[in-house]
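Encoded as structure tokens, the structure appears first; notes follow it.
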Amino acid sequence: MLPKRYDHLLTGGKYYQKWREAGFFEPTFDVKKKPYSLVLPPPNITGKLHLGHALDTTVQDAIVRYKRLAGYDVLWVPGMDHAGIATQAKVMQKLKDEGQDISKITREAFLKAAWSWKDVYAEEIKKQWEFLNASLSHRFLRFTLDSELNQVVNQVFKEYYEAGLIYQGERIINWDPALKTAISNMEVIRKDVEAKFYYLKYYLEDRSAFVVIATTRPETCFADVALVAHPKDQRYLKYQGKNFVNPTNQEVIPLIFDDYVDPSFGTGMMKCTPAHDQNDYNLGIKYHLAMPNCMNKDGTINALGHKYQGLDRFIAREQLISDLIALDLVVKVENIKHNLGFSERSGAVIEPYLSKQWFLKMRPLAENAIKHRRDLKWIPAKYEKIFLNWMNNAEDWCISRQLWWGHQIPVYYHRETEAVVVSETPLDPKFYYQDPDVLDTWFSSALWPFSTLGWPKIPSHLARYFPLDIQVSAYDIIFFWISRMIFSSLYFTKEVPFRNVFIHGIFRDASGRKMNKSLGNGIDPVVVINTYGLDALRLFLLSSVSPGIDFRYSDDKLKEANNFLNKFWNVARYILDLTSAVNLSLIPTTFSFINQAFLSKLSDFEKKYFKNFDKYQIHLSSKYLISFVYEVFSSEYLEFSKVLLLSKDEKLGAETKWVLLYALKTILRLIYPLTPDVAETIYVEIPGHLNSIMEESYQPFIALKRTSKSIKKYELLNHFISEIRSFKATSNLPPNAAFKMRVSETKLEPEFLEVLKRFTFAKEVILEEDIKEQPLVTFVKGEVEISLFGDGNFALKAELLKQLTILEQEIKRGEGMLNNANFLAKAPLEKVNLEKNKLIKYQEELTKVRNILKQFD
RNA sequence: GGAUGUUUAGCUCAGCUGGGAGAGCAUCGCCUUUACACGGCGGGGGUCGGGAGUUCAAACCUCUCAACAUCCACCA
């Protein structure tokens, strides 16, 4: 017996362990079933649960729950990501907080601390999955640093290397001086900031004249190797062949000409510092310039800076400038808005920095991915264009990181010869030492779909579950992750990693701003779930998850979801009270037109729900379900059924109870992927239920014949009810105002008249007979006319004129279409006939209304 | 600079293959009808951003203008 009010505390979180222990979450390997597989985007072991996780996880959970009931053997691989930089920073902070001297810590000691951090957070994440009711296949749990996955990473590295796709090189990379590691350009956040533009004097060697160079980073001047001007710039051509003196270190540098320089920007002349700027580096390569580096890895100035050595880059900048001002070498200092890169992780200003790193060559991999673009479907389709655009422009990926936490690069150097050997297994440390760097976190994530399925050692798992059926993700990691999985998988398995990519938006706050830490506008899902319940949150998420569109948090919508669940709860409670004795397997042989029509509507809705779910239009399926329950199930049918149950016809009563229970069970199965806890709680109250709703399936229970005749009559009944209700409301009558009613059609079923009577509060219903008195109002629909009689002075004529106007408008519209020769000639016959039939019907109704109106003349 | 979107009721947003403009909230009116007041019934409210085109037919396809948003690449 269910309590009167839905309360999420009654349902939330009650079944997870039970379901899990019963093995419902694990794949069955049942060859009679079609496999269906996906991987959870592995959360970082740094992390706190946020609404984005709730969304992403819920979408996947709804899909897998749906697919299981639809008869698939489902594998949903859970996992966690070591999240190199992020975790290392947090573990270091923790050690620091514990009073340890970070500068003295050894790699081994650090890794020990990091692994115990991982153990703690792994448990935390598992709790979060339970909290979100994520029906993951726990037996497949993986961690990106597992030794099996490390083997895969080493193998992949070696194969790439041997194919010439991984190479080592001195390049300008994005250097994070706080974390002392290279990062990829995607991990650089660009922001416009206030900066200063310093105009410095570079004198000719003979000090007869000077040119002015503007720079935002004067501290890099210690590494200047040339000045550059545009080859057609008349201002500077006269200095061709001359040398200039670097004001910061008095070194003599040449002037060169290259059309890279924009004469209209700044002073039209720039300094070339190849080790500290990408474009300068390009020039350095082109003109074979030296590439001195004036900065240490922690962002302090090195020996090239002479007296500034050891100072932080920003302090050195200030001191240098004040010294140069004292020497009259600064023309002016200008305030400008400048676009600067910051590290996504540490927030430090990124230093473009010449450094030896490992790179993955993107061109061939990208082209391969572009070639196979038809093998996977993006939902929504626009992301395919975005993906292709990125692939077309992808630059080589810097994959090495100067960190400890991650997959150490499987490259060994000979201690004497420095010969480079790539090896999947460690080499004898007597002769070799391993590259100390680790790989970018995303390098191992890129292999996730096939590495977690046992590639290359468990071909049976791969054969059955790979490629995955779907990958669900927010759009913000398309380039970090989705793209990289695609090209990695195509290279190593010759297949796309997944057939479908479902891209959803990100969460915004109620006023549309992105949620982030510094704004403090984040919303804690734990609070939301404790307030409204997980199932209300899920229903809100799933009915709003329009592919690719951002979410706006809304308390109103959560309340709405909660109200819906209360509604459904009460529908269920009412039906369960009535139907404890019903045996669903005893199917009635015939049905009243109301039951018949309702069953048809139910089946139409079910088809629509499946069709949209199969296309991953989950929000449409959810919305259809909500409106079916509100409008058709509870508002119409449930109310009609009350009349049927009052009938003295026992068969009709029994049949109606059967339909009520059948409908409840059908809807429970459909709502289950959306709100599993509520569904299970109600399900186990159903007579003849199985152990769990998870043992149910979407196999059709009965074969229904669609009867358009029943549906028409049902709609006719509905039409009159709402016409009469509307008449009362607009005539300022209370809804329960009672009238005598005349119905012109004598062949209507008794239940038609009973329902009509109850819902219009008619005192009595008279069939056909002449009634001398003038009706208050008459309604016409198809063959049937209904008139109300009683006291009062209501504007029948006005009511009829209103109907007349509507009919005339409809007829005008129909005639307009049908008098159009082009429409008749070119529109499909089906559409033309439809319009013809409607026109005839409206014309008949018009005649009737006109006849009634004649009585007033 | 390159790319991709968005613009529909007061607000937040649906709208599938081109075939009579929808929901929730808000608003107004009525109703304690025994599943539910976290409820029921009824109403008002829209030039589908502007313009042009294709089509028998356009919120939907094409072009164009405008505003807004996101991503990528960015000048010393």
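Below, read A as the first sequence line, B as the second, and so on, with proteins coming before strands; counting in each chain starts at 1. Remember, it's a predicted structure, so these values are computed and weren't measured experimentally.
Within the 4.0 angstrom heavy-atom criterion, base atoms lie near Lys567(A). If you check every strand for non-hydrogen atoms under 4.0 Å, Ile575(A) touches nothing. Here Glu639(A) lies in heavy-atom contact (under 4.0 Å) with a base. Among the heavy atoms of the strands lying under 4.0 Å from Leu620(A) are primed sugar atoms or P, OP1, OP2 only; no base atom is included. Among the atoms of the strands shown, base atoms are found under 4.0 Å from some heavy atom of Tyr624(A). Looking at heavy-atom distances under 4.0 Å, Ser543(A) makes no contact with the nucleic acid at all. The residue Ser726(A) sits close only to the backbone: its heavy atoms come under 4.0 Å of sugar-phosphate atoms, none of a base. Using a 4.0 Å heavy-atom cutoff across all strands shown, Thr273(A) reaches no nucleic acid atom at all.
Heavy-atom contacts from other residues, nucleotides or ligands closer than 6.0 Å to CD of Gln278(A) number more than 12. Heavy-atom neighbours of Lys642(A) NZ from other residues, nucleotides or ligands within 6.0 Å: above the threshold of 12.
Inspection of the Thr220(A) and Lys271(A) side chains reveals an N or O donor paired with an N or O acceptor under 3.5 Å.
Here A3(B) presents its C1' atom at 13 Å from OH of Tyr383(A), a figure rounded to the nearest Å. C41(B) atom C1' lies 13 Å from atom CG of Asn718(A), rounded to whole Å. Lys728(A) has its NZ atom 14 Å from the C1' atom of G40(B), to the nearest Å. Protein atom CG of Leu558(A) is 13 Å distant from nucleotide atom C1' of G24(B), rounded to whole Å. Atom CG in Asp577(A) sits roughly 8 Å away from atom C1' in A35(B) (whole-Å rounding). Atom pair Leu638(A):CG and C36(B):C1' shows a separation of 10 Å (rounding to whole Å applied). As rounded to whole Å, 7 Å separates atom P of C25(B) from atom OH of Tyr630(A). Rounding to whole angstrom units, CG of residue Asn822(A) and P of G18(B) are separated by 20 Å.
When both distances must be under 3.5 Å, the Watson-Crick or G-U wobble mate of C13(B) is G22(B). Remark: C61(B) base-pairs with G53(B); criterion is Watson-Crick or G-U wobble with both hydrogen-bond distances under 3.5 Å. Of all nucleotides present, only U70(B) satisfies the Watson-Crick or G-U wobble test against A3(B), with each distance under 3.5 Å. Pair assignment for C48(B) gives none, since no Watson-Crick or G-U wobble pairing has each distance under 3.5 Å. When both pairing distances are held under 3.5 Å, C41(B) makes a Watson-Crick or G-U pair with G29(B).
Taking atom C1' on both nucleotides, U27(B) is separated from G46(B) by 16 Å, rounded to a whole Å. Separating the C1' atom of A73(B) from that of C60(B) is a span of 34 Å, rounded to the nearest Å. Atom C1' of C28(B) sits at a distance of 34 Å from the matching atom of C68(B), rounded to the whole Å. Rounded to the nearest Å, the gap between the C1' atom of U7(B) and that of U64(B) is 16 Å. C30(B) sits 46 Å from A52(B) when the P atoms are compared, rounded to a whole Å. The gap from the C1' atom of G10(B) to that of G51(B) amounts to 27 Å, rounded to the nearest Å. Between the C1' atoms of C61(B) and U70(B), the separation comes to 25 Å (whole Å). Distance noted for atom P between U47(B) and G42(B): 25 Å (whole Å).
Regarding contacts with the backbone of G24(B), every side-chain N or O of Lys623(A) stays at 4.0 angstrom or more from both OP1 and OP2. When the side-chain nitrogen and oxygen atoms of Ser634(A) are compared with OP1 and OP2 of C36(B), none of them lie within a distance under 4.0 Å. The side chain of Lys4(A) contributes an N or O atom lying less than 4.0 Å from OP1 or OP2 of C36(B). Note on Lys642(A): every side-chain N or O is 4.0 Å or more away from OP1 and OP2 of U34(B).
Counting only distance, with no hydrogens or angles, the side chain of Thr675(A) and the backbone of Val678(A) share no donor-acceptor pair below 3.5 Å.
Comparing C36(B), C16(B), C25(B) by their nearest atom to the side chain of Asp556(A) picks out C25(B). Of all nucleotides listed (C36(B), U12(B), G42(B)), G42(B) comes nearest to the side chain of Ala729(A). Checking C56(B), G19(B), C41(B) against every side-chain atom of Ser635(A), the shortest atom distance belongs to C41(B). Comparing C56(B), C41(B), U4(B) by their closest approach to the side chain of Ala827(A) singles out C56(B). With G24(B), G19(B), A35(B) as the candidates, the nucleotide lying closest to the side chain of Glu560(A) is G24(B). The Asn563(A) side chain lies nearest to G39(B) when the options are A35(B), G39(B), G40(B).
Ring geometry for Tyr553(A) versus Phe507(A): interplanar angle of 30 to 60°, hence tilted. The aromatic rings of Trp481(A) and Trp442(A) sit tilted relative to each other, their planes meeting at an angle between 30° and 60°.
A distance of 6.0 Å or more separates the ring centres of Phe761(A) and Phe739(A). The ring of Tyr637(A) has its center closer than 6.0 angstrom to the ring center of Phe598(A). Taking the ring centroids of Phe197(A) and Tyr199(A), they lie under the 6.0 Å cut-off. Taking the six-membered ring wherever Trp is involved, the centroid distance between the rings of Phe720(A) and Phe779(A) does not fall below 6.0 Å.
Between Pro828(A) and Ile549(A), the residue anchored closer to the 5' end of RNA chain B is Ile549(A), taking for each the nucleotide with the nearest heavy atom.
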Under a 4.0 Å heavy-atom criterion, the protein footprint on nucleotides 71-76 of chain B, written with B, S and -, is S-SBBB
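For the pair Lys559(A) and Tyr532(A), the cation-pi test (distance below 6.0 Å, angle within 45°) is failed.
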